[in-house]
Amino acid sequence: MTPLLTVRGLHTYYGESHILHGVDFTLEAGQAMSLMGRNGMGKTTTLKSVLGLVAPRGGDVRFNGTDLSGLPTWKRMRQGIAYVPEGRGMFHNLSVKEHLQLAAREGVNGQQSWHYDRVLETFPRLAERLTNLGTQLSGGEQQMLAIGRALLTNPELLILDEATEGLAPLIRKEIWDVIAHIKDSGMSTLIVDKNIQVLKNLCDRHVVLVKGEVVFDGNTTDLLDNIDTVETHLSV
Amino acid sequence: MDFAIFLVQLLNGLQYGLLLFLIASGLTLVFGVMGILNLAHGSMYMVGAYLAWYFTLHTDSFLLGALLSAVIALALGIVIEKTLICRLYKRNHLDQVLLTIGMIFVFNALQSLLWGNDSLGVDVPELLSGSIQLTELVAYPVYRLFVAVLCLVLAAGLYLLINRTRLGMLIRAGESNREMVECLGIDINRLYTIVFGAGVMLAALAGVISAPIASIVPGMGEHVLITCFVVVVIGGMGSIKGAFVAALMVGIVDTFASVLFPAVSSMVVYILMAVILLIKPQGLFSN
């Protein structure tokens, strides 16, 4: 079976600085994959290269067998990818309701399992804030809105970048619970984070980046077998 | 100044301000949504006025001429965006300035070639050619009131479009975070084409409706461009609401200045801009 996402030999530069040194990984449909690493190791750059937000100088990205290289970002997303960016990507001049309305569409195969009402059921706090502007929400609510907005595009793959960064422990738990629920519903997820304790239970596959190179790639059993090595890659 | 004259000047100021808003709205939208500083925006106003003259002459109907001009302006805007402006999105402001200044020269040369350099005029359409008696001695032309009302209707339409429709949501989202719009699987370039085309059409429409009350002369675009930049800067770059308030301010201040202090009137709007920028360096309604 074709993997859902295949990344091969990704080389990305910012100006002259070489950030990604041939990143490889694959993600099977239905899998939850973690992408871990310390700050500045290339996690976000990897995501941006996959989404076409930065142009890699080498390597290729395939989604469901389709070569994404050369496609603009919006066409890549239309293949069935949704993105919850670091910093949440709120629109300061759109209400909560408008954030959701703007994003809502059918998935690639016409699936509509995520719709407006289901998002509000999943995140009841958003329902109380429909007329507030995106930037008037608390950090946790913004994160919920960013996830709800992504889900409304009915994607096959949900990419989350630092979804719980800067949030209070209780809110973090709430967000992780929702992500676990999304994963259980069968949607593939790619989760960038530093929290190995949560990710080892949540994800099936784990990839660790150090200085733009993959230093670990394996399932949860492999991760637990090598937990000491992996933790040294993640600790500051 | 007696009350009737004050009223006439106030109406003139409002009407001029509303017309400025029509032009400035496109300038500020294109900057706010697309990040493009279009120096050739004034040329679109000129193109509108010349097209209105040309088509009114050949169709014998100002209304028909106005409609044809608006449609052609929209098409022109779309073509310009698709062929020239689209090359600017990933470039710096200097490249934008170079290209759009170049466009001013091209449009001026075309105007000179196609229509010559004489001052032209369009008659006020007969239906709107009367005047309304304000007091026994003072009357106000119906056409000027019509211009003000039409501009208000268009401004209200623009307000509804931006705040109540999906396209408006997209425009606001594009102003706020372009990358995120693309990440929702939305083709932002199509939005850019629509916004640029609409901006050109609004500027040209302002040229069309001012054709019967202004003389159609070479260089009319540059003059209006500078005033519109004053409006956009006072209102806050990219803010439609700001452009509306600032356009009325500039319109009224400029009109009264030329009555009260004719010697220095050309400076007054710039003084206004300087004072506002001292208090609010980002303009009145900047994001």
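By convention in this document, chain letters (A, B, ...) are assigned in the order of the sequence lines, proteins followed by strands, and residues within each chain are numbered from 1.
- More than 12 heavy atoms of other residues, nucleotides or ligands lie within 6.0 Å of CZ in Arg118(A), so this atom counts as buried by the packing criterion.
- Between atom CG of residue Leu184(B) and atom OG1 of residue Thr153(A) there is a gap of 7.0 Å, rounded to the nearest 0.5 Å.
- Considering OH of Tyr83(A) and CD of Glu179(B), their distance stands at 7.0 Å, rounded to 0.5 Å.
- Considering only heavy-atom pairs separated by less than 4.5 Å from chain B, the leading option among Gly89(A), Pro85(A), Ala150(A) is Gly89(A).
- Around the OH atom of Tyr159(B), the shell of radius 6.0 Å holds no more than 12 heavy atoms that belong to other residues, nucleotides or ligands.
- Counted within 6.0 Å of NE2 on His18(A), heavy atoms from surrounding residues, nucleotides or ligands total more than 12; the atom is thus considered enclosed.
- Interatomic distance, Met77(A) CE to Asp187(B) CG, rounded to the nearest 0.5 Å: 14.0 Å.
- Taking a 6.0 Å sphere around CD of Gln282(B), one finds it holds 12 or fewer heavy atoms contributed by other residues, nucleotides or ligands.
- Interface with chain B: from residues 55-76 of chain A, residues Thr73(A), Trp74(A) qualify, criterion being any non-hydrogen pair under 4.5 Å.
- The CE atom of Met169(B) sits 12.0 Å away from atom CG of Asn93(A), with the distance rounded to the nearest 0.5 Å.
- Among residue pairs with one or both ends in residues 229-255 of chain B, those qualifying as ring pair (Phe, Tyr, Trp, His ring centres under 6.0 Å) are Phe21(B)-Phe244(B); sequence neighbours excluded.
- Proximity to chain A is limited to the backbone of Asn163(B), based on heavy atoms less than 4.5 angstrom apart.
- Under the rule for a side-chain contact (heavy atoms from CB on, under 4.5 Å), the partners of Asn109(A) that lie at least two apart in sequence or sit in another chain are Gln111(A), Glu156(A).
- Residues Met90(A) and Met180(B) fail the side-chain proximity criterion, which asks for heavy atoms closer than 4.5 Å.
- Taken from CG in Leu94(A) to CD in Glu175(B), the straight-line distance is 10.0 Å, to the nearest 0.5 Å.
- Counting heavy atoms of neighbouring residues, nucleotides and ligands inside a 6.0 Å radius, atom CZ of Phe105(B) does not exceed 12 of them.
- Note that CZ of Arg105(A) is 7.5 Å distant from CD1 of Ile186(B), once rounded to the nearest 0.5 Å.
- Taking 4.5 Å as the limit, every side-chain heavy atom of Arg172(B) sits out of range of all side-chain heavy atoms of His92(A).
- Of the possible donor and acceptor atoms, none in the side chain of Asn177(B) sits under 3.5 Å from a partner among the backbone N and O of Phe91(A).
- Residues of residues 43-54 of chain A lying under 4.5 angstrom from chain B, judged on non-hydrogen atoms, are Lys48(A), Leu53(A) in numerical order.
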